[in-house]
Amino acid sequence: MVVAMAATAVGSIFYIQEFAKIDPLVNMRKGNIVTPDELGITLGKVKLVQYSGNKRVAEATVDRVFIPSNRTQYQMQGVHEGAYLTKDGKNVKFSAPTALWNATGRILTADDARIWNKDIDLKTPLFRVNQREDALYVPGTVRGRFYGGLLTTMNLRYDLSERHARFGPFTWDGNLALNLQDGGQAPRRQWLITSDGGDISDKKGIRTATKGTATDGDIIVKADKIVHEFEPDIVTATGNVKYFSAKANMSCAKAVIFRREKRAVLTGAVDMLVKPKDKQTKAEVVDIPPFRPIVPKEVSEDRPGAPPVQRDPKESQLDDDVQNAKTMRSYPTAITAAKIEYWYGRGSRRAVITGDPQARQELPGGRWRHVWAYEALYNGETEFLTLKSQPGKAQARAQTSLGDDILAETVIVSTKEDEDDLEAKNVKARIFGKSDDDDGPGPKGPDPIRPGNGGGLQGPIGRGRQP
């Protein structure tokens with residue numbers, strides 16, 4: 001019995017020793033470990049659909065998908081016909097060689113992806129859709145078609161339900177119809193727009209660019225903020241607005257362009273510099289000197305006396321230029337007003353200039369001519385400029401460095417080249433000029449500014465030569 005028990009004990013010891021040699025984790029040692037992420041199923045050529053409640057929010061056709069056993073993510077290869085389904089049907093489509101759906105965070109990430117719909121077609125190294133935030137985020141560089149043009153930008157975020165995109169510095173190269181030149185109806189032209197940043201709200205129909213510059217080669221527009229409202233087709237530029245063209249440069253606080261009406265309204269210290277005829281070659285960004293408005297009295301008090309009796313022939317010619325309307329286009333013209341409203345459509349070109357408009361030309365040798373009015377009207381079809389006063393007043397005024405001083409209720413002058421037609425109503429004037437038989441100046445005329453000097457020249461002068 002004892003022997004039998006001893007034999008059994010010895011046998012048991014040998015059995016336990018052999019059992020202890022067995023490694024139950026042999027398949028999970030280094031090199032053979034199967035992690036939870038590797039435990040799962042692999043499917044080929046499937047269509048995946050993601051639901052939020054009972055509503056489809058995303059779908060895609062996938063060449064291969066691996067779903068781990070914990071079902072926390074879907075690892076996809078060969079993603080085709082992907083779509084994020086928005087509430088209003090403006091779906092965002094995508095494709096990518098690889099993608100990952102994080103079921104816990106409800107985030108879809110794709111590499112080397114293409115994103116598109118009817119308005120955009122963009123390519124990016126990476127994009128991410130956060131279903132909880134209902135937002136698409138594209139870090140880094142983004143390139144592709146964006147609302148009819150080629151967009152290059154950084155760090156795009158698109159709120160899918162609001163259809164509102166925000167992005168960093170960008171350039172946009174595409175076709176626009178925007179022109180304030182005298183050429184009539186604006187054709188669609190290639191524009192290059194650069195900006196420090198921007199956003200676009202497709203739902204509200206608004207595009208915005210900050211610190212923007214736009215050019216078509218002939219025109220350059222700059223502003224702190226440029227907003228385009230799609231439906232009414234209105235462009236609003238605010239803050240340090242600058243407009244450069246071959247003919248003229250302008251600056252103002254705000255410019256609103258009603259593109260359907262072909263009407264532009266410029267407000268807030270509107271300064272314009274019309275280039276001389278021989279300088280109207282190209283648009284370039286230059287400083288637009290601010291125009292300091294002055295009242296006629298200041299000019300009158302600072303006005304020099306009559307020219308000397310004997311004048312140098314060159315000086316005499318320069319003096320003649322001051323009084324010759326044909327030299328109007330030979331010198332730059334600085335203009336200022338509180339508001340300029342301009343219709344630029346073919347056949348209806350005209351402008352209304354209000355808010356104490358003034359214009360000044362600087363001529364050689366310290367010579368100048370300066371014009372004031374209560375209101376100015378310009379007809380671009382007939383090329384006539386009308387300077388108007390308030391009813392019953394004489395506020396249309398012109399003064400020159402020669403001492404000329406003309407005051408009238410209304411003045412109509414031609415702006416056509418080589419024409420000097422002028423018509424005025426209720427005129428008082430003092431004009432210096434040559435006598436018929438010598439080169440000396442004529443006698444001083446009566447001063448319309450100071451009473452008791454003869455009353456001046458008064459009455460309609462009809463159409464004729466400018467003094």
Side-chain angles (χ1 to χ4, degrees), residues 35-38 40-53 55-147 149-172 198-200 202-203:
T35 66
D37 287 344
E38 294 177 298
I41 59 173
T42 299
L43 302 174
K45 210 63 177 179
V46 296
K47 183 169 184 177
L48 300 178
V49 179
Q50 175 67 31
Y51 286 86
S52 176
K55 185 180 184 304
R56 289 195 308 169
V57 295
E59 60 184 24
T61 300
V62 183
D63 292 343
R64 180 180 179 273
V65 58
F66 174 73
I67 306 173
S69 58
N70 57 19
R71 299 183 183 180
T72 59
Q73 60 184 12
Y74 292 64
Q75 302 170 15
M76 295 171 276
Q77 295 181 354
V79 180
H80 312 283
E81 301 175 5
Y84 192 91
L85 310 176
T86 58
K87 297 176 182 178
D88 55 8
K90 296 239 177 179
N91 303 335
V92 178
K93 299 180 181 179
F94 66 91
S95 63
T98 60
L100 177 68
W101 169 250
N102 185 314
T104 304
R106 306 186 77 80
I107 296 173
L108 174 67
T109 305
D111 299 315
D112 296 324
R114 175 192 173 200
I115 311 164
W116 76 96
N117 60 19
K118 69 180 186 65
D119 297 317
I120 65 173
D121 192 345
L122 304 175
K123 291 184 178 180
T124 176
L126 174 71
F127 86 88
R128 182 169 65 247
V129 174
N130 188 319
Q131 189 181 36
R132 296 185 188 277
E133 297 179 359
D134 204 22
L136 166 68
Y137 180 62
V138 184
T141 303
V142 186
R143 293 187 178 90
R145 179 180 61 81
F146 190 81
Y147 287 88
L150 180 63
L151 176 72
T152 301
T153 188
M154 296 285 292
N155 302 330
L156 170 68
R157 178 187 171 91
Y158 187 67
D159 296 320
L160 294 160
S161 58
E162 295 296 323
R163 301 210 307 270
H164 182 201
R166 295 187 295 273
F167 35 87
F170 73 89
T171 62
W172 184 90
D199 66 302
I200 178 170
D202 187 38
K203 189 173 184 179

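Summarising the geometry of Val62 relative to Gln77, their closest heavy-atom pair is CG1-O, 3.4 Å, with the distance given to 0.1 Å. A pairwise comparison of heavy atoms in Leu156 and Ala165 identifies CD1-CB, 4.0 Å as the closest pair. Across all non-hydrogen atoms, the minimal contact from Thr124 to Thr141 is OG1-O, 3.7 Å. Residue Asp63 comes nearest to His80 through the heavy atom pair OD2-NE2, 3.1 Å, listed as atom of the first residue, atom of the second, then distance. Smallest separation of non-hydrogen atoms from Gly105 and Arg132: O-NE, 3.5 Å.
Here the CZ-CG distance, from Phe170 to Leu151, works out to 7.0 Å after rounding to the nearest 0.5 Å. In this structure, the separation between CZ on Arg143 and OG1 on Thr171 is 9.0 Å, given to the nearest 0.5 Å. The structure places OG1 of Thr153 at 8.5 Å from CZ of Phe146, a figure rounded to the nearest 0.5 Å. Within the model, atoms CG of Leu48 and CD1 of Ile67 stand 6.5 Å from one another, a figure rounded to the nearest 0.5 Å. Atoms OG1 and CE, from Thr98 and Met76 in turn, are 9.5 Å apart once rounded to the nearest 0.5 Å.
Tyr84 places a side-chain heavy atom less than 4.5 Å from the side chain of Asp134. Side-chain atoms of Gln75 and Val65, non-hydrogen and from C-beta on, never get closer than 4.5 Å to each other. Residues Asn102 and Thr109 have side chains not in contact (no heavy-atom distance under 4.5 Å, counting atoms from C-beta outward). Side chains of Asp121 and Arg114 form a contact here, defined as non-hydrogen atoms less than 4.5 Å apart. At a threshold of 4.5 Å between non-hydrogen side-chain atoms, the residues Phe127 and Leu122 do not count as touching.
The only option from Leu100, Ile107, Leu136 that meets the side-chain contact (heavy atoms from CB on, under 4.5 Å) definition with Arg128 turns out to be Ile107.
Side chain of Arg145 to main chain of Leu150: no donor-acceptor pair is present (N/O by atom type, distance under 3.5 Å, no hydrogens or angles). The main-chain N or O of Val79 is never found under 3.5 Å from a side-chain atom of Ser95 such that the two would form a donor-acceptor pair. Using a distance-only test at 3.5 Å, with no hydrogens or angles considered, no donor-acceptor pair links the side chain of Asn155 to the main chain of Phe167.
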Working for side chain to side chain contact (heavy atoms under 4.5 Å, CB included), residues Arg166 and Asp159: CA-CA 9 Å; Arg166 295 187 295 273; Asp159 296 320; 3.3 Å; yes
Checking Leu108 against Phe94 for the side chain to side chain contact (heavy atoms under 4.5 Å, CB included) test, could you report, in this order, the C-alpha distance in whole Å, the side-chain angles of both residues, the deciding distance, and whether it holds? CA-CA 11 Å; Leu108 174 67; Phe94 66 91; 3.5 Å; yes
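Remark: Arg106 engages no residue in a salt bridge (Lys or Arg N to Asp or Glu O under 4.0 Å) (not counting sequence neighbours).
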